[in-house]
Amino acid sequence: AVSDAASACGYREVLFTGLDAAYSDLMVDVEATFARSGSNYLIFVSLDRATAEAGLRLGLRIVMLQVENATKKEMIYLAKYYTASLLCEAQIRFLFFEMDIWMPRREGQSILDVFRAAAASRRAFLGPPAAAWALHTDNPYIINAGIYYIRPDVDPLRPLLLFEAIVSYSRRLPIFDQGLMNCLLKLSASPNPGLRFIRERDSCH
């Protein structure tokens, strides 16, 4: 539904986040924050009907994830990674952010602008990157799974395979999504010397 709605409206870049009742009081503030950033399409993926209905009453773009017999953890991972895989399949650029990511007010460039610029940087002999990732401030060897920017129109296959793999593993195994994402990214980054420093702290075993 997310990728279909975006494609139908002609949007080639969206922002999305997942939420439930615990974050429902922040929906309007988050919408206002990104409305100032030059983004054109923010979508909330709700884990429950009450939150989805509350968002619709507020006039927000919100869809509800419906999965039978899924645990809360499985629902969260599907909201994050299955939605991402659909957007990759539709080749729609997106910024994903978790609702608990603190994004202070900025003068000038927005958070979205920062990620756009990072993803637009040229790399010698490697071409334009298909994604921009954030590192944890207290551990620069760990990629933060809570916010990232993906350009599947630049590389249609690898981002899609990444998110499909995360969905597959997380549905079959009791696994922590950030550890899984880091492992997959580090393994896929082996030919890229720019990510060598991250691979030096590999825990994929």
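We're numbering straight along the sequence, starting at 1. Every value quoted in this text rests on a predicted model; they were computed, and no experiment measured them.
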Main-chain N/O of R93 paired to E13 side chain as donor or acceptor, under 3.5 Å: no
Tell me whether S168 contacts the main-chain N or O of E164 through its side chain, where contact means a donor paired with an acceptor under 3.5 Å. no
Looking at F94 versus Y149, is the centre-to-centre ring distance below 6.0 Å? no
Could you go step by step and tell me if R12 and D153 meet the salt bridge (Lys or Arg N to Asp or Glu O under 4.0 Å) rule? CA-CA 9 Å; R12 303 314 304 164; D153 56 315; over 6 Å; no
Do F163 and Y148 have their ring centres less than 6.0 Å from each other? yes
Flag side-chain contact, heavy atom, 4.5 Å: L135 against N144: no
Would you find a donor on one side and an acceptor on the other, under 3.5 Å apart, between the side chain of T51 and the backbone of A21? yes
Salt-bridged, D20 to K72, with N to O below 4.0 Å? yes
Report whether V154 and V14 are members of the same hydrophobic cluster (ILVMFWY, side-chain heavy atoms less than 4.5 Å apart, transitive linking). no
Where do S46 and V63 land on the side-chain contact (heavy atoms from CB on, under 4.5 Å) test, with the steps shown first? CA-CA 6 Å; S46 176; V63 296; over 6 Å; no
Are R61 and F44 in a cation-pi contact, defined as NZ or CZ under 6.0 Å from the six-membered ring centre and within 45° of the axis? no
Check: I143 main-chain N/O paired with N182 side-chain donor or acceptor under 3.5 Å: yes
